[in-house]
Amino acid sequence: MSFVARRGLSTLVPPKIASPSGIGAAQDAARMQRVVSFYEKLPRGSAPDVQAKGLVGRYQARYFGKNPSAAPLIHLIGFILVLGYGNNYYFHLRHHKNNAH
């Protein structure tokens with residue numbers, strides 16, 4: 001077995017817990033009890049849903065979350081139209097406001 005494969009497998013199980021001498025030895029009983037009590041305190045079940053924060057986070061949670069929709073495409077099209085008209089007005093249409101070309 002290569003070093004990389006051994007290293008990959010060793011990260012799955014903590015080293016002091018999985019050794020056979022650690023399970024049967026009397027001096028390790030207190031240490032095993034600390035490990036067991038640590039794992040008993042960990043929360044069970046799935047993690048709670050994270051609440052979205054900020055403008056972008058709320059937007060993503062609303063339109064890209066559990067029930068995605070096509071509304072962001074419509075918002076993007078509307079934004080491009082407004083930006084394009086503003087650009088067109090600034091660079092061209094405002095010069096024609098009071099007199100013809």
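Grouped by direct or indirect side-chain proximity (heavy atoms under 4.5 Å, Ile/Leu/Val/Met/Phe/Trp/Tyr only), Val56 sits alone.
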Can you give me every donor-acceptor pair (side chain of residues 41-53, partner residue at least two apart or in another chain, under 3.5 Å) with its distance?
| unit_1 | atom_1 | unit_2 | atom_2 | d |
| --- | --- | --- | --- | --- |
| Asp49 | OD2 | Lys66 | NZ | 3.3 |

Atom pairs and distances, donor-acceptor, side-chain atoms in residues 79-87, under 3.5 Å, two or more places apart:
none

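Applying the salt bridge (charged side-chain N to carboxylate O under 4.0 Å, His left out) test to every pair with at least one member in residues 76-92, sequence neighbours left out, gives no pairs at all. Residue pairs meeting the salt bridge (charged side-chain N to carboxylate O under 4.0 Å, His left out) criterion with at least one partner in residues 79-92, sequence neighbours excluded, are absent.
With sequence neighbours excluded, the residues forming a ring-ring contact (aromatic ring centres under 6.0 Å, His included) with Tyr59 are Tyr63, His75, listed by chain and number.
Met32 contributes atom CE, which lies 11.0 Å from atom CZ of Arg34 (distance to the nearest 0.5 angstrom).
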